[in-house]
Structures are given as C-alpha cells and as structure tokens.
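The structure appears right after this line, and notes come after that.
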Amino acid sequence: MRHAKQAHTRIPVPARPGACQLTVRDLGVTLEGTEILQDVSFQLNCREIVALIGPNGAGKSSLFRSILGQIPYTGTIKFELAGGYPSHPKIGYVPQSPSFDRSCPISVLDFFAAAISRWPVFLPVPAPLRDKVSACLSRVHGEALLHKRIGTLSGGELQRVLMALALEPLPQILILDEPLSGVDVGGEHLLMDMLDEIRQTYDLSILFSTHDFSTLQQYADKVILLKSTILKTGTPAEVLTSPEFRSVFHLDLGLHPNGEGGAAQ
C-alpha cells in the first residue's frame, strides 16, 4: 500500500481482450414529470477509473440507476468488449453505505453468506461456504473481518465488505456511489489504493461518485462534473481548475491546470 502522502503516478494500463467499455450518449432521465438528466454523454474506457462529481441533486445516483437498468431513460447506453463486440457485462454496484444497528449480532460471514447464497443467517455457515466468503474478502484484503459483527465495522471496513460483495461474481464494470462517505482521511487513501489495485488485478473499469476532491488527482484518470448535464470533463486538474467547477462549488483549490498546488486566487 502507498503512504497517504506519497505521490501517485498514473501509469496508463492497456486494455486486455474481454475488457468492457461503456458509452453513454445523449442520456436523459425524467422522473414524475421532473427532468433529472439531459444530454449526458461520456465514455468509460477499459481499465479506467472515472470520478463523477457534482452537488447534491445533480443526478449522480440517477445516472448510476440508468446504467444499472433500474429506471427508464432516453438516449443510448452501449457496452462493448475490447474488440468492439456488443456485450452484456456484469456490473458490480456498491450503494452509499447503509447503516447497521451497532447491537446487530449478525457477523460479516453471516451477512455475506446470506447475500451470495441465500443461506439463512440463523444457521451455522458450512465450511465450503465459509471458505468462499473468506476468498471473496481476500480480494479486498478483508479476511480479518470475517467474524466481526456487521454493526461494529468502521466506515472503511464496511466499504471493504460491500466492495467484496460487489466483486462476487467478478464484474467487468464496478460502480460505487460515494464510497468515501463516512470514511476518515487515512481510510480514504486505503480505499482508493484498493480501487486502483482492483482495477488492475481484475481488469475492471471503475466509475464512482464523490464529494471528496482531495484524492482525485492522485487516483482518477478522468473526472466528470455533472449538474443535470455534463458541465466539464477531463483530467482531474482540468476539471478542478475550471470555471465550471468554481461556479458550481464556489471553491478555488489553489491548483494550477498542470495539477500542481498553488496559492488560491
């Protein structure tokens, strides 16, 4: 794992055969007579990490739900394999962290086993299923969480469990809704390190939303600024130094367009 303050150099990772590409074109979403999204177009390339940012109510969750096929939309959402062939990919999804009663007696093992096999949580988990859950958790270095009670997990630990669940079976695209929410600063970098490792190890394309801008330059290949429509897309530096970003968030992060820090204007 990299230290939280260590510089992270983004090295392009070439696509492999079978990797999935997502293209969204002219997407529109209207719910109960209210236009949520309009003319949204972007591409998620093979093995790319793309961050989606925007204010509350910008339509980020609606965009995810459209890609997942949970709500109606206009426009096109197209999936292709690396060779250009149409595909119906597996998509892993991590919702915003749910809250659990801290007194809940269910362990991570019980929770995970019930989720992937419908095994009743009140019955002892058989050894083969326990081994499978442990193997799934190992993908996120979370084996030590196996017997912890789900209600006692920290924000970062819970995200690891949910991420491991989203990776079973292994998807081609991983979508995460605010994965850094409720995670402390040190945990944020550990989780982003984990995402970077996962996308390379398992050949994934990753799309995630966040309100935390401090990790984007270090980890994201591309950033999309959304407010009902796409206002700006580009490298983290290009988006975070743009007039559109300043207009939406009323922030100047003190960055230069080349990504280096500088005094806020």
Could you tell me which residues satisfy salt bridge (charged side-chain N to carboxylate O under 4.0 Å, His left out) with K227, sequence neighbours excluded, listed by chain and number? none
Give me the atom names and distance for the closest heavy-atom approach of K90 to P169. CD-CG, 4.2 Å
Any donor-acceptor pair under 3.5 Å from D221 side chain to I49 backbone: yes
Let me confirm one number: the OG1-CD distance from T235 to Q217, rounded to the nearest 0.5 Å. 7.5 Å
For K222, which residues count as a salt bridge (charged side-chain N to carboxylate O under 4.0 Å, His left out) partner, sequence neighbours excluded? E48
V140 to M194 - nearest heavy-atom pair and separation: O-CE, 3.2 Å
Ignoring hydrogens and geometry, is there a side-chain-to-backbone donor-acceptor pair from R199 to I206 under 3.5 Å? no
As a test of understanding, state which of T210, D212, D193 forms a side-chain contact (heavy atoms from CB on, under 4.5 Å) with E188. D212
So, using side-chain contact (heavy atoms from CB on, under 4.5 Å) as the criterion, who are the partners of S41 when residues are at least two apart? R25, D26
Check: residues 55-62 side-chain donor-acceptor pairs under 3.5 Å, at least two apart:
| residue | atom | partner | partner atom | Å |
| --- | --- | --- | --- | --- |
| N56 | OD1 | H211 | NE2 | 3.3 |
| K60 | NZ | G54 | O | 2.9 |
| K60 | NZ | P55 | O | 3.1 |
| S61 | OG | D177 | OD2 | 2.9 |

Reported CG-to-CD1 distance for the pair L22 and I67, which is rounded to 0.5 angstrom: 5.0 Å
Side-chain donor-acceptor pairs of residues 116-123 under 3.5 Å, sequence neighbours excluded:
| residue | atom | partner | partner atom | Å |
| --- | --- | --- | --- | --- |
| S117 | OG | A113 | O | 2.6 |
| S117 | OG | W119 | N | 3.2 |
| W119 | NE1 | L123 | O | 3.4 |
| W119 | NE1 | P124 | O | 3.1 |

Please report the closest heavy-atom contact between L52 and L63, naming both atoms and the distance. CD2-CD2, 3.8 Å
Can a donor-acceptor pair be found, under 3.5 Å and without considering hydrogens, that links the side chain of S138 to the backbone of A135? yes
Check whether the side chains of S134 and D131 place a donor and an acceptor atom closer than 3.5 Å, and report yes or no. no
Rounded distance [0.5 Å steps], CZ in F111 versus CG in L145: 12.5 Å
Any side-chain heavy-atom pair from L195 and L176 closer than 4.5 angstrom? yes
Which atom of S209 lies closest to which atom of P179, heavy atoms considered: O-CD, 3.2 Å
Residues in side-chain hydrogen bond (donor to acceptor under 3.5 Å, both in side chains) with T23, at least two apart? Q43
Would you mind reporting whether L174 and Y202 have side-chain heavy atoms less than 4.5 Å apart? no
Compare every heavy atom of A237 with every heavy atom of T241, then report the nearest pair and how far apart it is. OG1-O, 2.6 Å
Contacts of type side-chain contact (heavy atoms from CB on, under 4.5 Å), residue T30, not counting sequence neighbours: E35
Please report the closest heavy-atom contact between V40 and T229, naming both atoms and the distance. CG2-CA, 4.2 Å
Of all residues at least two apart in sequence or in a different chain, which pass the side-chain contact (heavy atoms from CB on, under 4.5 Å) check with S228? none
Applying ring pair (Phe, Tyr, Trp, His ring centres under 6.0 Å) as the test, list every pair that has at least one member in residues 37-77; sequence neighbours left out. none
Would you check if F112 and V125 make a side-chain contact, meaning some heavy-atom pair closer than 4.5 Å? no
Nearest 0.5 angstrom please: L231 CG to S247 OG, how far? 8.0 Å
L191 and V183, any side-chain heavy atoms less than 4.5 Å apart: yes
Can you tell me how far apart CG (D203) and CD1 (I198) are? Round to the nearest 0.5 Å. 13.0 Å
Look only at the side chain of R149 and the backbone of P105, and say whether a donor-acceptor pair between them is shorter than 3.5 Å. no
For K148, give me all partners under salt bridge (charged side-chain N to carboxylate O under 4.0 Å, His left out), at least two apart in sequence or on another chain. E157
So, does T201 use its side chain to make a donor-acceptor pair with the main chain of E197 at under 3.5 Å? yes
Listed by chain and number, what are the salt bridge (charged side-chain N to carboxylate O under 4.0 Å, His left out) partners of R65, not counting sequence neighbours? none
List the steps and the verdict of side chain to side chain contact (heavy atoms under 4.5 Å, CB included) for L146 and R130. CA-CA 9 Å; L146 188 67; R130 183 177 64 247; 4.1 Å; yes
Side chains of L167 and C136 in contact at under 4.5 Å (non-hydrogen atoms): no
The single option from V248, L225, L226 that satisfies side-chain contact (heavy atoms from CB on, under 4.5 Å) with I53 is L225
Does the side chain of V50 reach to within under 4.5 Å of the side chain of T233, using non-hydrogen atoms? no
Which residues satisfy the side-chain contact (heavy atoms from CB on, under 4.5 Å) test with A51, sequence neighbours excluded? F208, L216, A220, V223
At what distance, to the nearest 0.5 angstrom, does CG of L190 lie from NE2 of H141? 10.5 Å
